[in-house]
Protein chains: 2
Amino acid sequence: MSNSTPATIEDVARIAEVSIATVSRAIHTPEKVATSTRLKVNQAIAITGYTTNAMARSLRLGRSNMILVVAPDIGDPNFSNILVGLENEARAHGYGVLIGHTQNDAQRGLEYLKFLNSNQAAGLILFTGILPFGHQAMTARLPPSVGVFEPVFNGGIPYVGVDDVEGARKAVDLLIAEGHRKIAFVGDSRTRLAYSRRRIGYDTGLDAAGVPRDRRIVMEGDGTIESGRLALEQLFMRDNLPTAFMCVNDQTAIGVMIGLKARGYDIPNDFSVTGFDDVPQASFMTPSLTTVRQPRTAIGKSAMALLLEMLSDGTPAETEILLRPDLVVRNSVAAPSTQWTRR
Amino acid sequence: MSNSTPATIEDVARIAEVSIATVSRAIHTPEKVATSTRLKVNQAIAITGYTTNAMARSLRLGRSNMILVVAPDIGDPNFSNILVGLENEARAHGYGVLIGHTQNDAQRGLEYLKFLNSNQAAGLILFTGILPFGHQAMTARLPPSVGVFEPVFNGGIPYVGVDDVEGARKAVDLLIAEGHRKIAFVGDSRTRLAYSRRRIGYDTGLDAAGVPRDRRIVMEGDGTIESGRLALEQLFMRDNLPTAFMCVNDQTAIGVMIGLKARGYDIPNDFSVTGFDDVPQASFMTPSLTTVRQPRTAIGKSAMALLLEMLSDGTPAETEILLRPDLVVRNSVAAPSTQWTRR
DNA sequence: GTGAAAGCGCTAACAA
DNA sequence: TTGTTAGCGCTTTCAC
């Protein structure tokens, strides 16, 4: 059984006493084969343990049934759930999913570009705002591609994500409803499109409530825990403390919370904090984090659906699909305290 | 430049005015080609933007230069660092890495088995204690394979991980040195080999200190946050509370800490808690978690090194490589309190 | 040093 | 309904 070399279509043909063409047909278009022969072939397949050599098949066909998902950071807590959505949808349509991890390294990206050039993947899902292929990006011949989570900068690649503006708006609105007027925005970034959209939600929320914008409490950040903590420290060095911190994502919020706790403050009584994403950890924090939920599995599912549609239609589909974010109210927000009490 | 169809070796040959054989040689064995022709070929490659079709190449060669990493759960906080180690080592030797996510689903595993059968990957890294290929596992013709993090049950696959017994031993020893005598073990499991080894470390540590084993405070668990919390609740229902919780991994420890905090206890003054793994989150907990560090990147690196060695030598290498775990002392352990004080 | 040609495993005309 | 055959893009003898 467990031979040194895998069975080929020819082995099956020999045992079933038919031609290799018939074997191929028995597998892919069984209705075009006589029932009796089909049975013989199936038997032979069972005996040999034959599996179609996907590589030869793809080479012949000029296309494969694999989708490549390229991510800069596998450890991103958002990644795994989106992936599940992508995979389920792909499988339902006979496609497999392979993951490429670039670590933001163009060299690594190139490796996957070669993979694509060999038709080893029929389509591409990009989990990043930037084409990870360095300079060759422009000259690259990409298969049908869809961005996820964040729009792709370079060129007309459709994108599926959450309505960042609306999500951020829900967070500020809550803070304002609780009575906050001095709300810091932590994690502003011009390079992360999703973040700048969240910033827009923050600005418009302030405007709508007639709260004046205050640039001094808008802090830059790259979305890491460290960046949240750093921003907090900077804020403390100035004289201009807010009563609430609206963070661009949960990681940043966690950083802010750690810094606040380290300084002995109580959340939410001294300061309120909100996040964005609703990563698993958010509900396990003390206090649990009020945040905006990304429907991750749904994003994955609908991104893959879009890609598969492009694959069959060939339509360029210059779309942007925005799903609805939900506010998840937990315990990190309260009315502002009139004065801070050090514990 | 960005043509509809990628350049083939024939396009290059035509432009360079040589045969395709020469192009192939110029690429793979340049020393066997006259300098002048080599130059012409390189120029033609630049013009066409040619990349070798990896699929055709692998089909011809009967082997590829990709390594498949199969993981049941991409979201595992241990995964991403090990992956980095794997990738770096692979790249240094001209191999690429592709990730297959099985979600513990045999059907999905089968998909990757087909991938392997097509020689689309030269080797396999298994990130799980179980061959993820269901029944076909036995009849499967696997390429050289290495297990990571946890030994692989079914059959002689070499494995690289941490010395679980020693690591667990370090954790109990610390607890005992602090004065604890009643130490619960949370996360016992017969299906996870790594966990049962940690249990052994716990038992031997107790024995060495002359502390009697107490089965009633050895709690089952599957290593999730929920399992930690659940075990804690069960312990509280009984009359037999420990003064310390030695958890089989950090996730479990987090679950225990959440439960303890929810009940108003103070860590480490009321109870001590230890984990295992040192996931990123461990240092951000309040209090920060005392745990046992897995040298993840090193594990990945040495697993890949072993695999590549097998690939070139063909040696079966029936090995088990165990790296040294380090105790990371943080703030979740203290001497036992003589009496508990509800806050 | 270079070219012609076989063939990796498969699918899809085209014939029969 | 089934078989024969060309050819996907590539590497590698074997000639020259």
Residues which pass ring-ring contact (aromatic ring centres under 6.0 Å, His included) with B:Phe149, listed by chain and number, not counting sequence neighbours: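 Applying ring-ring contact (aromatic ring centres under 6.0 Å, His included) to B:Phe149 gives B:Phe127.
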
Touch class at under 4.0 angstrom, heavy-atom based, for A:Ser58 against every strand present: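 The answer is nothing, as A:Ser58 stays clear of every strand by at least 4.0 Å.
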
Touch class at under 4.0 angstrom, heavy-atom based, for A:Ser118 against every strand present: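 Contact class for A:Ser118: none.
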
Which nucleotide in D:dC10, C:dG9, D:dT2 has an atom nearest any side-chain atom of A:Thr22: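 My answer, after comparing the listed nucleotides, is D:dT2.
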
Selection residues 110-120 of chain A - residue pairs positive for salt bridge (charged side-chain N to carboxylate O under 4.0 Å, His left out), sequence neighbours left out: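 Those involving residues 110-120 of chain A are A:Glu111-B:Arg91.
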
Pairs involving residues 67-90 of chain B, ordered by first then second residue, that meet salt bridge (charged side-chain N to carboxylate O under 4.0 Å, His left out) (sequence neighbours left out):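 Every pair satisfying salt bridge (charged side-chain N to carboxylate O under 4.0 Å, His left out) with a residue in residues 67-90 of chain B: B:Glu89-B:Lys301.
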
[atom1] of [X] versus [atom2] of [N]: gap in Å, rounded?
X        : N      : atom1 : atom2 : result
B:Glu17  : C:dG1  : CD    : C1'   : 17 Å
A:Asn53  : D:dC8  : CG    : C1'   : 13 Å
B:Asn119 : D:dG9  : CG    : C1'   : 16 Å
A:Arg57  : D:dG9  : CZ    : P     : 17 Å
A:Met55  : D:dC10 : CE    : C1'   : 11 Å
B:Ile9   : C:dA5  : CD1   : P     : 17 Å
B:Tyr50  : D:dG9  : OH    : C1'   : 7 Å
A:Lys40  : D:dT1  : NZ    : P     : 14 Å

Partner set under salt bridge (charged side-chain N to carboxylate O under 4.0 Å, His left out) for [X], not counting sequence neighbours:
X       : result
A:Arg38 : none
A:Arg63 : none
A:Asp11 : A:Arg14

Please list each protein N or O that sits under 3.5 Å from an N or O in nucleotides 13-15 of chain C, with the distance.
none

Any donor-acceptor N/O pair, B:Thr37 side chain to B:Val33 backbone, under 3.5 Å: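 Checking the backbone N and O of B:Val33 against the side chain of B:Thr37, no donor-acceptor pair under 3.5 Å is found.
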
Any donor-acceptor pair under 3.5 Å from B:Thr8 side chain to B:Glu10 backbone: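 Yes.
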
Those residues that, when tested against A:Thr297, pass side-chain hydrogen bond (donor to acceptor under 3.5 Å, both in side chains) (two or more places apart):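 Listed in chain order: nothing, the list is empty.
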
Residue-phosphate contact under 4.0 Å: A:Ser19 side-chain N/O, D:dT4 OP1/OP2: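 Checking D:dT4 against A:Ser19, no side-chain N or O comes under 4.0 Å of OP1 or OP2.
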
Counterpart residues, side chain to side chain contact (heavy atoms under 4.5 Å, CB included), relative to A:Leu59 (two or more places apart):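 Applying side chain to side chain contact (heavy atoms under 4.5 Å, CB included) to A:Leu59 gives B:Asn53, B:Ala56, B:Leu59.
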
Contact residues, residues 29-38 of chain A to DNA chain C [heavy atom, < 4.0 Å]: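 The answer is none.
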
N/O to N/O distances under 3.5 Å, protein versus nucleotides 6-8 of chain C:
unit_1, atom_1, unit_2, atom_2, d
C:dG7, N2, B:Arg60, NE, 3.4
C:dG7, N2, B:Arg60, NH1, 3.1
C:dC8, O2, B:Arg60, N, 3.4

A:Leu86 and A:Val69, any side-chain heavy atoms less than 4.5 Å apart: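 Contact flag for A:Val69/A:Leu86 side chains = yes.
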
ring-ring contact (aromatic ring centres under 6.0 Å, His included) contacts touching residues 95-122 of chain A (sequence neighbours left out):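 ring-ring contact (aromatic ring centres under 6.0 Å, His included) check on residues 95-122 of chain A returns no pairs.
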
